[in-house]
Peer 1: 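Below you'll find the structure I mean.
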Amino acid sequence: MFKLTNTLTGEQEVFEPQDKETVRMYTCGPTVYNFVHIGNFRTFVFQDILRRQLSSKWKLKHVMNITDIDDKIIARSIETGQDIKSYTADYTAAFFEDCDQLRIQKPEIIAPATEHIGEMIDLVNRLLAAGYAYREGDSIYYRISRFPAYGRLSRLDKRELKVGARVEADEYEKEEPRDFVLWKAAKDAREPRWPAPFGEGRPGWHLECSAMAMKYLGDTLDLHCGGIDLLFPHHENEIAQSEAATGRPFVRFWIHGEHLLVDGEKMSKSKGNFYTLRDLLNKGYDALTIRYLLVSVRYRKQLNFTLEGLKEAQAALDRIKEFLFRLRTAKLEPGSNAILAGCLANAREQFEAALDDDLNTSGALGAIFVFISEANVALEHGRLGEADRMEIQEWFKVIDARLGIVPAMEHLVLDDKQAEQIEMLVRQRNEARRNRNFALSDQIRQQLFDRGVVIEDTREGTRWRQK
RNA sequence: GGCGCCGUACCCAAGUGGCUAAGGGAGAGGUCUGCAAAACCUUUAUGCAUCGGUUCGAAUCCGAUCGGCGCCUCCA
């Protein structure tokens, strides 16, 4: 039983795809006007964990949009003199490079807004025909008063605008301030525009998600995810557009990821607490460490991002790496240890149960570390068999498939020539140690360390590995 | 002002009615070692923001208070 917290009800509910076979999921993707920041990636990593979990149980059709037309993009493109298409193409490419680094899997369908203008125009036509939309000036707006369920998702329906809250400059054109734009008439000659029966212009932001989600996934989606800040007004508006057009529920489960904070506050450019993945990589942190940190706190809890936290994540990851290395290089007898096999079965169960429990990634990691301790004890006492090793390694493949946080071991393996050189130095060092020439042995150790090789003397002899 | 989330050890963080309050980091002591590294063992919350209440029993439910954060405006 896989449970998720559904924003619609505010409660955990058991999730099943409506057709029991294929999960239809839509996630709000990036607006490609700049490099995506680490807060955005927290959400994308959470969505990645979700998609991995869903894939382990059902078939999955996951659609993510790319917002490649909006005010900021237009402004930047005019500013830089670069045409919009190449401008957004650059940042889209950068986004997917970053995703690869963070081991974020690609959705089945990636939908750029500008390739779906036709679907959006159709949707506006349906809303106009049904009286849910109206023209004011050269733009088309959504008439919220026609949609009584408005505000149900965000529970903001009865709210009043805060005194002094900013209102849009073109408010006067609307019947009501809360109405939102579906189709914007072009104001500046340099703005991109598309022809439509109701006039040349470009789509409002909310429109693309409704149009593309329904195109690929049908009228009713199983899951729709995004950051908590999209709850209102974006997702509320999507519901209004979609349900007005189809008369059917738009989404069964709304799942929202909480924010990543920096120094206890929301990341924003004006506060200067803004990190991109590239910033952090340049500081020498690796992408896996960043992913680990993002995964280590459950998606619906705010995560305070600090460099200290990154160091702790690095240390935790090292513990996993050390264990896997030790497991891999241990000299083992054939057979299996029944007690350890029991620990493994228990750990696997705990791990699955945690992820099934609303993606409790912290709990899942806890199960891994409990097991590592148990297995380390077994290794220490030589009570771990070849069969156990195989089983454990299999489990770590599962862990990696689910969480994507298992350090790669391949890079620790050197080619024969390099390995031979290192082995030679290790032999020389042991020779020196036998002769109690510790000055020389320490010098060799340092020499190896300088080329990234760490020495460990164990009862079974000297072990070495790449840092 | 309205809506929502949160407050568990030095730091991060599970646990949301009932065994001794997971796990990671950091610190301390020990085993092993020429030293180191890794590993292992022991150790660090009679208490879960505070105060009341419900209950046989609460970190977990209810209320109040204090504190933090977010949303209400583009935003992951």
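Values below: all heavy atoms of this structure, side chains included; hydrogens, waters and symmetry mates excluded. First the proteins, then the strands, lettered A, B, ... as listed; each starts at 1. Just so it is clear, the model here is predicted, and its values are computed rather than measured.
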Peer 1: Using the P atoms only, state how far G68(B) lies from A36(B), rounded to an integer number of Å.
Peer 2: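 Approximately 47 Å lies between the P atom of A36(B) and that of G68(B).
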
Peer 1: If the plane angle is over 60° it's perpendicular, under 30° parallel, otherwise tilted; pick one for Phe35(A) and Tyr91(A).
Peer 2: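 Taking Tyr91(A) first and then Phe35(A), their aromatic rings stand perpendicular (interplane angle over 60°).
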
Peer 1: Classify the ring geometry between Trp254(A) and His235(A) as parallel (under 30°), tilted (30 to 60°) or perpendicular (over 60°).
Peer 2: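 Answer is tilted, since the angle falls between 30° and 60°.
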
Peer 1: Under 4.0 Å from OP1 or OP2 of C71(B): is there any side-chain N or O of Lys266(A) that close?
Peer 2: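 Yes, because at least one side-chain N or O of Lys266(A) sits under 4.0 Å from OP1 or OP2 of C71(B).
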
Peer 1: Considering just the side-chain nitrogens and oxygens of Lys301(A), establish if one lies under 4.0 Å of OP1 or OP2 belonging to A14(B).
Peer 2: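 Answer is yes, contact under 4.0 Å.
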
Peer 1: Whether Asn376(A) contacts A39(B) is assessed here as follows: a side-chain N or O lying under 4.0 Å from the phosphate OP1 or OP2. Is that the case?
Peer 2: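 No, because none of the side-chain N or O atoms of Asn376(A) sits under 4.0 Å from OP1 or OP2 of A39(B).
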
Peer 1: Compare side-chain N and O positions of Arg463(A) against OP1 and OP2 of A36(B) and report whether any pair is under 4.0 Å apart.
Peer 2: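 So the side chain of Arg463(A) is outside the cut-off, no N or O lying under 4.0 Å from OP1 or OP2 of A36(B).
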
Peer 1: Tabulate protein N/O versus nucleotide N/O from nucleotides 30-34 of chain B, keeping only pairs under 3.5 Å, one per line.
Peer 2:
{"residue": "G34(B)", "atom": "O6", "partner": "Ser441(A)", "partner atom": "OG", "Å": "3.3"}
{"residue": "G34(B)", "atom": "N1", "partner": "Asp442(A)", "partner atom": "OD1", "Å": "3.0"}
{"residue": "G34(B)", "atom": "N2", "partner": "Asp442(A)", "partner atom": "OD2", "Å": "2.8"}

Peer 1: Check the distance between A38(B)'s P and Leu324(A)'s CG and give it to me in whole angstrom.
Peer 2: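 Taking atom P of A38(B) as the reference, CG of Leu324(A) is at 16 Å.
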
Peer 1: Nearest 0.5 Å, what's the CG-NE2 distance between Asn304(A) and His259(A)?
Peer 2: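 Asn304(A) CG to His259(A) NE2: 13.5 Å, rounded to 0.5 Å.
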
Peer 1: Taking only Watson-Crick and G-U wobble pairs with both distances under 3.5 Å, what dot-bracket line describes RNA chain B, where [ ] shows pairs that cross earlier ones and | shows pairs with another strand?
Peer 2: ((((((((.[[[..)..(....]]]((((((.......))))))....[[[[[..)....]]]]])))))))....

Peer 1: May I ask you to decide if the ring planes of Phe95(A) and Phe41(A) are parallel, tilted or perpendicular, using 30° and 60° as cut-offs?
Peer 2: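 Because their plane-to-plane angle is under 30°, the rings of Phe95(A) and Phe41(A) count as parallel.
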
Peer 1: Let me know the distance between CD of Glu312(A) and C1' of A13(B), rounded to the nearest Å.
Peer 2: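 These atoms are roughly 10 Å apart.
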
Peer 1: Looking at residues at least two apart in the chain, or sitting in another chain, which of them share a salt bridge (Lys or Arg N to Asp or Glu O under 4.0 Å) with Asp70(A)?
Peer 2: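 So Asp70(A) forms no salt bridge (Lys or Arg N to Asp or Glu O under 4.0 Å) with any residue.
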
Peer 1: Does Gly29(A) offer a backbone N or O that forms a donor-acceptor pair with the side chain of Asn65(A) under 3.5 Å?
Peer 2: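 It does hold such a pair.
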
